[in-house]
Amino acid sequence: MTFRIHVPSDTTAKARGADRIARLIEIVAEEHKIDVEVRRNGTRGLYWIEPLVEVDTDAGRYGFGPVKEGDIESLFAAEFWKGDVEHALALGLVEEIPYLKRQERFTFARLGITNPVSLEDYQANDGFKGLENAIKLSSQQIVDAVKESGLRGRGGAAFPTGIKWQTVLDVESPKNQKYIVCNADEGDSGTFADRLVMECDPYMLIEGMTIAGLAVGATQGYIYCRSEYPLSIKNLNQAIKTAYENNLLGADILGSGNHFDLEVRMGAGAYICGEETSLLESLEGKRGLVRAKPPLPAIVGLFGQPTVVNNVLSLAAVPFIMDKGAKAYADVGVGRSRGTLPFQVAGNVKFGGLVELAFGPTLNELMFEFGGGTRNGRPLRAVQVGGPLGAYLHEGQWDTPLGYEEFSQKDAVLGHGGVVMFDDTVDMSEQARFSMEFCVAESCGKCTPCRIGSTRGVEVIDRIREGKNVDANMELLSDLCETMLDGSLCAMGGMTPFPVQSAMKHFTEDFVKNAASATQAKEV
(Lines give C-alpha, C1' and ligand atoms only; values in the text may rest on other atoms or scores of the structure.)
Protein backbone atom coordinates (compact mmCIF):
# COMPACT_ATOMS: atom_id res chain seq x y z
CA MET A 1 0.00 0.00 0.00
CA THR A 2 1.28 3.45 -0.94
CA PHE A 3 0.93 6.22 1.64
CA ARG A 4 0.65 9.78 0.30
CA ILE A 5 2.45 12.50 2.23
CA HIS A 6 2.19 16.21 1.40
CA VAL A 7 4.99 18.72 2.01
CA PRO A 8 4.44 22.39 1.11
CA SER A 9 6.51 23.97 -1.63
CA ASP A 10 5.93 27.72 -1.30
CA THR A 11 8.74 30.18 -0.59
CA THR A 12 8.15 30.43 3.17
CA ALA A 13 8.01 26.64 3.67
CA LYS A 14 11.13 26.25 1.56
CA ALA A 15 12.90 28.87 3.67
CA ARG A 16 12.02 26.79 6.74
CA GLY A 17 13.52 23.62 5.26
CA ALA A 18 10.58 22.01 3.43
CA ASP A 19 12.68 20.80 0.49
CA ARG A 20 15.13 18.98 2.77
CA ILE A 21 12.29 17.54 4.83
CA ALA A 22 10.58 16.16 1.71
CA ARG A 23 13.81 14.50 0.62
CA LEU A 24 14.51 13.13 4.11
CA ILE A 25 11.05 11.56 4.28
CA GLU A 26 11.74 9.75 1.02
CA ILE A 27 15.17 8.57 2.22
CA VAL A 28 13.98 7.33 5.63
CA ALA A 29 10.90 5.71 4.09
CA GLU A 30 13.16 3.79 1.72
CA GLU A 31 15.37 2.71 4.63
CA HIS A 32 12.30 1.48 6.55
CA LYS A 33 10.90 -0.14 3.39
CA ILE A 34 7.70 1.89 3.62
CA ASP A 35 6.02 2.74 0.33
CA VAL A 36 5.34 6.49 0.43
CA GLU A 37 4.59 9.05 -2.26
CA VAL A 38 5.74 12.55 -1.32
CA ARG A 39 3.67 15.20 -3.05
CA ARG A 40 4.50 18.91 -3.05
CA ASN A 41 1.40 20.97 -2.39
CA GLY A 42 0.98 24.67 -1.77
CA THR A 43 0.87 26.06 1.76
CA ARG A 44 -2.26 26.37 3.88
CA GLY A 45 -0.99 29.76 4.97
CA LEU A 46 -0.68 28.73 8.64
CA TYR A 47 2.86 29.98 8.88
CA TRP A 48 3.52 29.40 12.57
CA ILE A 49 3.35 25.63 11.94
CA GLU A 50 5.31 25.49 8.70
CA PRO A 51 6.59 23.21 7.39
CA LEU A 52 3.22 21.50 7.84
CA VAL A 53 3.49 17.85 6.76
CA GLU A 54 0.13 16.25 5.91
CA VAL A 55 -0.80 12.59 5.55
CA ASP A 56 -3.72 11.30 3.45
CA THR A 57 -6.17 9.02 5.26
CA ASP A 58 -9.75 7.91 4.64
CA ALA A 59 -10.84 10.41 7.30
CA GLY A 60 -8.96 13.31 5.69
CA ARG A 61 -5.51 14.79 5.97
CA TYR A 62 -3.73 14.63 9.31
CA GLY A 63 -1.13 17.29 10.01
CA PHE A 64 2.22 17.40 11.79
CA GLY A 65 4.12 20.60 12.36
CA PRO A 66 6.21 22.57 12.49
CA VAL A 67 8.46 19.75 11.29
CA LYS A 68 12.23 20.07 11.44
CA GLU A 69 14.86 17.74 10.03
CA GLY A 70 15.53 16.30 13.46
CA ASP A 71 11.88 15.27 13.81
CA ILE A 72 11.81 12.83 10.88
CA GLU A 73 13.07 9.76 12.74
CA SER A 74 10.61 10.24 15.62
CA LEU A 75 7.76 10.68 13.15
CA PHE A 76 8.61 7.38 11.50
CA ALA A 77 8.96 5.74 14.91
CA ALA A 78 5.40 6.86 15.65
CA GLU A 79 4.27 5.53 12.23
CA PHE A 80 3.01 8.97 11.30
CA TRP A 81 2.06 7.84 7.80
CA LYS A 82 -1.02 6.27 9.39
CA GLY A 83 -2.27 9.75 10.32
CA ASP A 84 -4.01 9.53 13.69
CA VAL A 85 -1.03 8.72 15.92
CA GLU A 86 0.56 9.97 19.12
CA HIS A 87 3.34 12.49 18.51
CA ALA A 88 4.34 15.86 19.94
CA LEU A 89 3.85 17.49 16.52
CA ALA A 90 0.49 15.84 15.79
CA LEU A 91 -2.19 18.42 14.97
CA GLY A 92 -5.11 16.14 14.14
CA LEU A 93 -7.22 16.64 11.04
CA VAL A 94 -5.92 19.75 9.30
CA GLU A 95 -9.38 20.95 8.28
CA GLU A 96 -10.37 20.90 11.97
CA ILE A 97 -7.56 23.21 13.12
CA PRO A 98 -9.57 26.17 14.54
CA TYR A 99 -7.41 28.79 12.76
CA LEU A 100 -8.34 27.22 9.43
CA LYS A 101 -11.84 25.94 10.20
CA ARG A 102 -13.15 29.38 11.20
CA GLN A 103 -12.11 30.97 7.93
CA GLU A 104 -14.33 31.52 4.88
CA ARG A 105 -12.12 30.43 2.05
CA PHE A 106 -13.67 31.44 -1.26
CA THR A 107 -10.61 32.52 -3.24
CA PHE A 108 -8.19 30.33 -1.28
CA ALA A 109 -10.29 27.18 -1.13
CA ARG A 110 -7.59 25.13 -2.88
CA LEU A 111 -4.69 26.63 -0.95
CA GLY A 112 -2.48 23.84 0.39
CA ILE A 113 -4.65 21.11 -1.11
CA THR A 114 -3.41 20.88 -4.68
CA ASN A 115 -0.08 20.55 -6.43
CA PRO A 116 0.30 24.13 -7.72
CA VAL A 117 1.21 23.23 -11.30
CA SER A 118 -1.01 20.17 -11.67
CA LEU A 119 -3.86 20.95 -14.07
CA GLU A 120 -5.50 17.67 -13.06
CA ASP A 121 -5.53 18.74 -9.40
CA TYR A 122 -6.95 22.15 -10.27
CA GLN A 123 -9.77 20.75 -12.39
CA ALA A 124 -10.59 18.12 -9.77
CA ASN A 125 -11.23 20.99 -7.33
CA ASP A 126 -13.67 23.06 -9.44
CA GLY A 127 -10.94 24.59 -11.59
CA PHE A 128 -12.00 26.19 -14.90
CA LYS A 129 -15.70 25.71 -14.15
CA GLY A 130 -16.01 29.49 -14.01
CA LEU A 131 -14.43 29.79 -17.46
CA GLU A 132 -16.72 27.09 -18.85
CA ASN A 133 -19.72 29.07 -17.58
CA ALA A 134 -18.34 32.38 -18.86
CA ILE A 135 -17.87 31.04 -22.39
CA LYS A 136 -21.63 30.48 -22.60
CA LEU A 137 -22.37 34.13 -21.75
CA SER A 138 -22.06 37.41 -23.61
CA SER A 139 -19.43 39.93 -22.57
CA GLN A 140 -22.10 42.13 -21.01
CA GLN A 141 -23.50 39.22 -19.00
CA ILE A 142 -20.07 38.48 -17.55
CA VAL A 143 -19.59 42.14 -16.60
CA ASP A 144 -23.07 42.23 -15.06
CA ALA A 145 -22.23 39.18 -12.92
CA VAL A 146 -19.09 40.85 -11.60
CA LYS A 147 -21.07 44.02 -10.85
CA GLU A 148 -23.74 42.02 -9.03
CA SER A 149 -21.09 40.25 -6.92
CA GLY A 150 -19.99 43.57 -5.43
CA LEU A 151 -16.32 42.73 -6.07
CA ARG A 152 -14.07 45.73 -5.54
CA GLY A 153 -10.39 46.18 -6.27
CA ARG A 154 -8.27 44.31 -3.76
CA GLY A 155 -5.11 46.30 -4.45
CA GLY A 156 -5.93 49.28 -2.26
CA ALA A 157 -8.30 51.74 -3.97
CA ALA A 158 -11.30 49.38 -3.67
CA PHE A 159 -12.83 50.65 -6.92
CA PRO A 160 -15.75 48.46 -8.14
CA THR A 161 -14.27 45.88 -10.51
CA GLY A 162 -17.41 45.58 -12.63
CA ILE A 163 -17.52 49.34 -13.29
CA LYS A 164 -13.92 49.28 -14.49
CA TRP A 165 -14.67 46.32 -16.77
CA GLN A 166 -17.80 48.07 -18.11
CA THR A 167 -15.72 51.11 -19.08
CA VAL A 168 -13.24 48.99 -21.02
CA LEU A 169 -16.04 46.99 -22.66
CA ASP A 170 -17.84 50.14 -23.81
CA VAL A 171 -14.88 52.08 -25.18
CA GLU A 172 -13.80 51.51 -28.79
CA SER A 173 -10.15 50.74 -29.40
CA PRO A 174 -8.61 52.62 -32.34
CA LYS A 175 -6.46 49.57 -33.10
CA ASN A 176 -9.09 46.96 -32.18
CA GLN A 177 -6.86 45.86 -29.29
CA LYS A 178 -7.60 45.77 -25.58
CA TYR A 179 -5.47 44.44 -22.74
CA ILE A 180 -5.83 42.75 -19.35
CA VAL A 181 -2.97 43.64 -17.01
CA CYS A 182 -2.54 41.94 -13.65
CA ASN A 183 -0.76 44.03 -11.05
CA ALA A 184 1.30 41.40 -9.21
CA ASP A 185 3.89 43.87 -7.93
CA GLU A 186 3.06 43.06 -4.30
CA GLY A 187 5.31 45.42 -2.36
CA ASP A 188 3.36 46.35 0.78
CA SER A 189 4.92 45.42 4.10
CA GLY A 190 3.37 42.35 5.69
CA THR A 191 1.59 41.18 2.52
CA PHE A 192 1.96 37.84 0.76
CA ALA A 193 -1.51 36.88 -0.53
CA ASP A 194 -0.64 37.63 -4.17
CA ARG A 195 2.44 35.47 -3.85
CA LEU A 196 0.39 32.59 -2.46
CA VAL A 197 -2.01 32.77 -5.42
CA MET A 198 0.84 32.69 -7.92
CA GLU A 199 2.95 30.08 -6.14
CA CYS A 200 0.17 27.80 -4.89
CA ASP A 201 -2.79 28.23 -7.27
CA PRO A 202 -1.55 29.83 -10.52
CA TYR A 203 -4.33 28.39 -12.68
CA MET A 204 -6.85 30.43 -10.68
CA LEU A 205 -5.17 33.66 -11.81
CA ILE A 206 -4.96 32.39 -15.40
CA GLU A 207 -8.66 31.53 -15.32
CA GLY A 208 -9.63 34.89 -13.83
CA MET A 209 -7.65 36.84 -16.43
CA THR A 210 -9.08 34.77 -19.28
CA ILE A 211 -12.62 35.48 -18.06
CA ALA A 212 -11.72 39.18 -17.85
CA GLY A 213 -10.54 39.02 -21.46
CA LEU A 214 -13.85 37.49 -22.53
CA ALA A 215 -15.73 40.16 -20.56
CA VAL A 216 -14.17 43.21 -22.20
CA GLY A 217 -13.04 41.85 -25.57
CA ALA A 218 -9.33 41.73 -24.77
CA THR A 219 -7.13 39.17 -26.48
CA GLN A 220 -3.83 39.79 -24.67
CA GLY A 221 -2.97 39.68 -21.01
CA TYR A 222 0.16 40.43 -19.00
CA ILE A 223 1.05 39.50 -15.43
CA TYR A 224 3.43 42.12 -14.05
CA CYS A 225 5.14 40.14 -11.27
CA ARG A 226 7.72 41.59 -8.91
CA SER A 227 11.26 40.39 -9.51
CA GLU A 228 11.57 39.27 -5.88
CA TYR A 229 9.12 36.43 -6.58
CA PRO A 230 11.13 33.93 -8.66
CA LEU A 231 9.01 30.91 -7.65
CA SER A 232 5.83 32.77 -8.62
CA ILE A 233 7.27 33.50 -12.04
CA LYS A 234 8.40 29.89 -12.46
CA ASN A 235 5.03 28.38 -11.47
CA LEU A 236 3.05 30.87 -13.54
CA ASN A 237 5.10 30.17 -16.65
CA GLN A 238 4.74 26.42 -16.18
CA ALA A 239 0.99 26.71 -15.64
CA ILE A 240 0.59 28.99 -18.67
CA LYS A 241 2.47 26.50 -20.83
CA THR A 242 0.19 23.68 -19.64
CA ALA A 243 -2.89 25.83 -20.23
CA TYR A 244 -1.84 26.43 -23.83
CA GLU A 245 -1.23 22.71 -24.32
CA ASN A 246 -4.75 21.96 -23.08
CA ASN A 247 -6.60 24.57 -25.16
CA LEU A 248 -7.27 26.78 -22.13
CA LEU A 249 -5.31 29.68 -23.63
CA GLY A 250 -4.65 30.66 -27.22
CA ALA A 251 -6.70 31.07 -30.36
CA ASP A 252 -9.65 28.74 -29.69
CA ILE A 253 -10.25 28.43 -25.93
CA LEU A 254 -12.12 25.20 -25.18
CA GLY A 255 -13.30 25.15 -28.80
CA SER A 256 -15.32 28.36 -28.28
CA GLY A 257 -13.55 30.47 -30.89
CA ASN A 258 -12.47 32.92 -28.19
CA HIS A 259 -8.86 34.09 -28.22
CA PHE A 260 -6.73 35.07 -25.25
CA ASP A 261 -2.94 35.06 -24.90
CA LEU A 262 -1.08 35.51 -21.63
CA GLU A 263 2.51 36.36 -20.68
CA VAL A 264 4.44 36.98 -17.46
CA ARG A 265 6.64 40.08 -17.29
CA MET A 266 9.14 40.64 -14.49
CA GLY A 267 8.78 43.90 -12.57
CA ALA A 268 11.40 46.59 -12.28
CA GLY A 269 12.01 46.29 -8.54
CA ALA A 270 10.33 49.63 -7.72
CA TYR A 271 7.51 50.08 -5.22
CA ILE A 272 6.05 52.87 -7.33
CA CYS A 273 5.35 50.35 -10.10
CA GLY A 274 2.53 49.05 -7.93
CA GLU A 275 0.69 52.24 -9.01
CA GLU A 276 -1.21 51.29 -12.14
CA THR A 277 0.00 54.00 -14.53
CA SER A 278 3.61 53.64 -13.42
CA LEU A 279 3.24 49.88 -13.95
CA LEU A 280 2.00 50.47 -17.51
CA GLU A 281 5.00 52.72 -18.23
CA SER A 282 7.33 49.99 -16.97
CA LEU A 283 5.47 47.33 -18.96
CA GLU A 284 6.05 49.43 -22.08
CA GLY A 285 9.78 49.39 -21.38
CA LYS A 286 10.00 52.88 -19.94
CA ARG A 287 11.02 54.22 -16.55
CA GLY A 288 8.25 53.70 -14.01
CA LEU A 289 6.85 57.23 -13.77
CA VAL A 290 3.28 58.01 -12.76
CA ARG A 291 1.01 59.28 -15.54
CA ALA A 292 -1.41 62.14 -15.04
CA LYS A 293 -5.09 61.15 -15.01
CA PRO A 294 -7.27 61.63 -17.01
CA PRO A 295 -7.15 59.83 -19.32
CA LEU A 296 -7.84 56.71 -17.29
CA PRO A 297 -6.03 53.46 -18.19
CA ALA A 298 -9.45 51.94 -18.90
CA ILE A 299 -9.64 54.32 -21.88
CA VAL A 300 -6.00 55.01 -22.74
CA GLY A 301 -3.88 52.35 -21.08
CA LEU A 302 -1.15 49.97 -22.22
CA PHE A 303 0.32 51.13 -25.54
CA GLY A 304 -2.48 53.70 -25.67
CA GLN A 305 -5.26 51.08 -25.79
CA PRO A 306 -8.18 50.40 -23.40
CA THR A 307 -6.82 48.35 -20.50
CA VAL A 308 -8.16 46.58 -17.43
CA VAL A 309 -5.60 46.85 -14.63
CA ASN A 310 -6.57 44.68 -11.67
CA ASN A 311 -4.77 43.30 -8.65
CA VAL A 312 -4.08 39.55 -8.35
CA LEU A 313 -6.75 39.08 -5.67
CA SER A 314 -9.41 40.87 -7.71
CA LEU A 315 -8.82 38.62 -10.72
CA ALA A 316 -8.44 35.52 -8.55
CA ALA A 317 -11.93 36.09 -7.10
CA VAL A 318 -13.57 35.99 -10.54
CA PRO A 319 -13.51 32.17 -11.07
CA PHE A 320 -15.49 31.68 -7.83
CA ILE A 321 -18.05 34.29 -8.90
CA MET A 322 -18.52 32.73 -12.33
CA ASP A 323 -18.68 29.20 -10.89
CA LYS A 324 -20.76 29.60 -7.71
CA GLY A 325 -22.67 32.68 -8.84
CA ALA A 326 -22.54 36.40 -8.11
CA LYS A 327 -25.10 36.05 -5.33
CA ALA A 328 -22.99 33.50 -3.44
CA TYR A 329 -20.19 36.06 -3.33
CA ALA A 330 -22.38 39.09 -2.58
CA ASP A 331 -24.26 37.30 0.20
CA VAL A 332 -21.33 37.66 2.62
CA GLY A 333 -19.67 40.81 3.86
CA VAL A 334 -20.70 44.10 5.45
CA GLY A 335 -22.10 47.26 3.89
CA ARG A 336 -20.55 47.88 0.47
CA SER A 337 -17.69 45.51 1.26
CA ARG A 338 -18.92 42.25 -0.25
CA GLY A 339 -17.29 38.84 -0.43
CA THR A 340 -14.08 38.00 1.37
CA LEU A 341 -10.60 39.43 1.79
CA PRO A 342 -7.48 37.38 2.64
CA PHE A 343 -5.95 39.22 5.58
CA GLN A 344 -2.24 38.71 6.08
CA VAL A 345 -1.29 38.87 9.76
CA ALA A 346 2.37 39.66 10.36
CA GLY A 347 4.79 41.59 12.58
CA ASN A 348 4.98 40.75 16.27
CA VAL A 349 2.23 38.11 16.16
CA LYS A 350 1.98 34.68 17.73
CA PHE A 351 0.10 32.96 14.92
CA GLY A 352 1.07 34.70 11.71
CA GLY A 353 -0.44 33.68 8.43
CA LEU A 354 -3.22 34.12 5.92
CA VAL A 355 -6.79 34.48 7.18
CA GLU A 356 -9.54 34.72 4.55
CA LEU A 357 -12.72 36.13 6.06
CA ALA A 358 -15.90 37.75 4.89
CA PHE A 359 -15.79 41.47 5.64
CA GLY A 360 -17.32 42.32 9.00
CA PRO A 361 -15.34 40.92 11.96
CA THR A 362 -13.34 43.48 13.92
CA LEU A 363 -9.63 44.08 13.79
CA ASN A 364 -9.51 42.90 17.41
CA GLU A 365 -10.94 39.52 16.43
CA LEU A 366 -8.40 39.13 13.65
CA MET A 367 -5.40 40.03 15.80
CA PHE A 368 -6.32 38.14 18.94
CA GLU A 369 -8.69 35.31 18.04
CA PHE A 370 -6.66 34.36 14.98
CA GLY A 371 -3.27 36.03 15.57
CA GLY A 372 -3.18 35.17 19.27
CA GLY A 373 -1.71 38.55 20.24
CA THR A 374 2.00 39.29 20.25
CA ARG A 375 4.58 36.57 19.82
CA ASN A 376 6.68 37.73 22.77
CA GLY A 377 3.67 38.19 25.07
CA ARG A 378 4.15 41.92 25.51
CA PRO A 379 1.10 44.21 25.25
CA LEU A 380 0.08 45.21 21.74
CA ARG A 381 0.40 48.96 21.22
CA ALA A 382 -0.13 49.77 17.55
CA VAL A 383 -1.09 48.08 14.31
CA GLN A 384 -0.56 49.25 10.74
CA VAL A 385 -3.14 48.08 8.22
CA GLY A 386 -2.86 48.53 4.46
CA GLY A 387 0.89 48.56 3.90
CA PRO A 388 3.60 51.16 4.59
CA LEU A 389 1.24 54.00 3.59
CA GLY A 390 -1.54 52.87 5.93
CA ALA A 391 -2.39 54.59 9.20
CA TYR A 392 -1.24 53.32 12.60
CA LEU A 393 -4.25 52.33 14.69
CA HIS A 394 -4.31 52.61 18.48
CA GLU A 395 -6.22 50.41 20.92
CA GLY A 396 -9.36 52.52 20.79
CA GLN A 397 -9.71 51.77 17.08
CA TRP A 398 -9.23 48.00 17.15
CA ASP A 399 -12.96 47.34 17.44
CA THR A 400 -13.43 48.72 13.90
CA PRO A 401 -15.18 46.23 11.58
CA LEU A 402 -13.05 45.04 8.69
CA GLY A 403 -14.69 46.92 5.82
CA TYR A 404 -13.60 49.62 3.37
CA GLU A 405 -16.00 52.37 4.49
CA GLU A 406 -15.66 51.39 8.15
CA PHE A 407 -11.89 51.91 7.97
CA SER A 408 -12.23 55.08 5.93
CA GLN A 409 -14.35 56.58 8.72
CA LYS A 410 -11.36 56.08 11.03
CA ASP A 411 -9.00 57.82 8.55
CA ALA A 412 -7.49 54.42 7.81
CA VAL A 413 -7.32 52.03 4.84
CA LEU A 414 -7.71 48.28 4.44
CA GLY A 415 -5.63 48.26 1.29
CA HIS A 416 -4.33 44.85 0.34
CA GLY A 417 -5.24 43.35 3.71
CA GLY A 418 -1.80 43.45 5.29
CA VAL A 419 -1.84 43.72 9.10
CA VAL A 420 1.45 44.44 10.89
CA MET A 421 1.42 44.36 14.70
CA PHE A 422 3.74 46.22 17.10
CA ASP A 423 4.19 45.67 20.84
CA ASP A 424 4.66 48.34 23.50
CA THR A 425 8.38 48.76 22.83
CA VAL A 426 7.76 50.45 19.47
CA ASP A 427 8.84 54.06 19.04
CA MET A 428 6.11 55.66 16.93
CA SER A 429 8.15 58.75 16.10
CA GLU A 430 10.68 56.39 14.55
CA GLN A 431 7.88 54.68 12.60
CA ALA A 432 6.69 58.08 11.35
CA ARG A 433 10.22 58.83 10.19
CA PHE A 434 10.36 55.49 8.42
CA SER A 435 7.23 56.36 6.45
CA MET A 436 8.77 59.55 5.11
CA GLU A 437 12.10 57.84 4.49
CA PHE A 438 10.31 55.07 2.57
CA CYS A 439 8.73 57.68 0.32
CA VAL A 440 12.13 59.29 -0.28
CA ALA A 441 13.48 55.94 -1.51
CA GLU A 442 10.44 54.86 -3.53
CA SER A 443 9.04 58.06 -5.02
CA CYS A 444 9.22 58.16 -8.83
CA GLY A 445 10.24 61.81 -8.49
CA LYS A 446 7.75 63.21 -10.99
CA CYS A 447 5.86 65.54 -8.64
CA THR A 448 7.33 68.03 -6.18
CA PRO A 449 5.10 67.38 -3.13
CA CYS A 450 6.14 63.71 -3.05
CA ARG A 451 9.77 64.05 -4.13
CA ILE A 452 10.70 67.08 -2.01
CA GLY A 453 8.03 66.80 0.65
CA SER A 454 9.17 63.38 1.84
CA THR A 455 12.80 64.55 2.04
CA ARG A 456 11.78 67.59 4.09
CA GLY A 457 9.57 65.32 6.19
CA VAL A 458 12.54 63.21 7.28
CA GLU A 459 14.48 66.36 8.18
CA VAL A 460 11.62 67.84 10.21
CA ILE A 461 11.03 64.62 12.15
CA ASP A 462 14.75 64.41 12.88
CA ARG A 463 14.67 67.96 14.29
CA ILE A 464 11.68 67.06 16.48
CA ARG A 465 13.43 63.93 17.76
CA GLU A 466 16.51 66.05 18.50
CA GLY A 467 14.43 68.50 20.58
CA LYS A 468 14.86 71.48 18.21
CA ASN A 469 11.94 73.97 18.21
CA VAL A 470 9.58 71.06 18.84
CA ASP A 471 6.27 72.94 18.77
CA ALA A 472 7.13 74.85 15.60
CA ASN A 473 8.44 71.75 13.86
CA MET A 474 5.37 69.70 14.84
CA GLU A 475 3.21 72.40 13.23
CA LEU A 476 5.49 72.45 10.18
CA LEU A 477 5.24 68.66 9.86
CA SER A 478 1.45 68.90 10.01
CA ASP A 479 1.41 71.52 7.24
CA LEU A 480 3.82 69.46 5.15
CA CYS A 481 1.55 66.40 5.42
CA GLU A 482 -1.44 68.45 4.24
CA THR A 483 0.56 69.70 1.24
CA MET A 484 1.54 66.16 0.27
CA LEU A 485 -2.05 64.96 0.69
CA ASP A 486 -3.51 67.69 -1.51
CA GLY A 487 -0.76 68.17 -4.07
CA SER A 488 0.73 64.77 -4.91
CA LEU A 489 0.10 63.23 -8.31
CA CYS A 490 -0.61 59.71 -7.00
CA ALA A 491 -1.17 57.76 -3.79
CA MET A 492 2.58 57.42 -3.12
CA GLY A 493 2.85 61.00 -1.91
CA GLY A 494 -0.85 61.35 -1.18
CA MET A 495 -0.88 58.53 1.36
CA THR A 496 2.58 58.85 2.92
CA PRO A 497 1.13 61.38 5.43
CA PHE A 498 -1.42 58.80 6.70
CA PRO A 499 0.98 56.91 8.98
CA VAL A 500 2.74 60.14 9.97
CA GLN A 501 -0.45 61.95 10.92
CA SER A 502 -1.81 58.97 12.82
CA ALA A 503 1.43 58.64 14.78
CA MET A 504 1.41 62.36 15.59
CA LYS A 505 -2.24 62.28 16.66
CA HIS A 506 -2.44 59.06 18.64
CA PHE A 507 1.14 58.59 19.86
CA THR A 508 2.21 62.19 20.51
CA GLU A 509 4.05 61.14 23.65
CA ASP A 510 6.73 59.38 21.57
CA PHE A 511 7.64 62.61 19.78
CA VAL A 512 7.67 64.54 23.06
CA LYS A 513 9.61 61.79 24.86
CA ASN A 514 12.34 61.70 22.24
CA ALA A 515 12.54 65.48 22.14
CA ALA A 516 12.85 65.63 25.94
CA SER A 517 15.54 62.92 25.98
CA ALA A 518 17.53 64.75 23.32
CA THR A 519 17.29 68.04 25.26
CA GLN A 520 18.41 66.38 28.50
CA ALA A 521 21.34 64.77 26.73
CA LYS A 522 22.47 68.18 25.46
CA GLU A 523 22.23 69.72 28.93
CA VAL A 524 24.34 66.92 30.39
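Source: prediction; values computed, not measured.
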Where at least one partner belongs to residues 337-358, residue pairs that pass salt bridge (Lys or Arg N to Asp or Glu O under 4.0 Å), sequence neighbours excluded: none

Side chain to side chain donor-acceptor pair (under 3.5 Å) against E95, all qualifying residues, sequence neighbours excluded: R44

Non-neighbouring partners of Y224 that pass ring-ring contact (aromatic ring centres under 6.0 Å, His included), sequence neighbours left out: none

Electrostatic pair E276-K293, nearest N-O below 4.0 angstrom: yes

Would you be so kind as to tabulate the donor-acceptor pairs closer than 3.5 Å made by side chains of residues 412-422, with sequence neighbours excluded?
from: H416; atom 1: ND1; to: R154; atom 2: O; distance (Å): 3.1
from: H416; atom 1: NE2; to: E186; atom 2: OE2; distance (Å): 2.8
from: H416; atom 1: NE2; to: D194; atom 2: OD1; distance (Å): 3.2

Within-4.5 Å side-chain heavy-atom neighbours: T167 and L296: no

Electrostatic pair R195:D10 at N-O distance under 4.0 angstrom: yes

Donor + acceptor pair across side chains of T307, Q305 (<3.5 Å): no

Euclidean distance, N41 CG relative to S9 OG, rounded to 0.5 Å: 6.5 Å

Residues forming a ring-ring contact (aromatic ring centres under 6.0 Å, His included) with F260, sequence neighbours excluded: none

Lys/Arg-Asp/Glu bridge criterion (N-O < 4.0 Å) met for R16, E50: no

Contacts of type side-chain contact (heavy atoms from CB on, under 4.5 Å), residue N348, not counting sequence neighbours: T374, R375, N376, D423

D201, D126, D121 screened by salt bridge (charged side-chain N to carboxylate O under 4.0 Å, His left out) with R110, the one that passes: D201

Salt-bridge present (E132, K129; N to O < 4.0 Å): no

Minimum side-chain heavy-atom gap F80-I5 below 4.5 Å: yes

Option passing side-chain hydrogen bond (donor to acceptor under 3.5 Å, both in side chains) with H6 (candidates D56, T114, N115): D56

Ionic contact status for E275 with K446, cut-off 4.0 Å: no

Between Y271 and D188, a side-chain donor and acceptor under 3.5 Å: yes

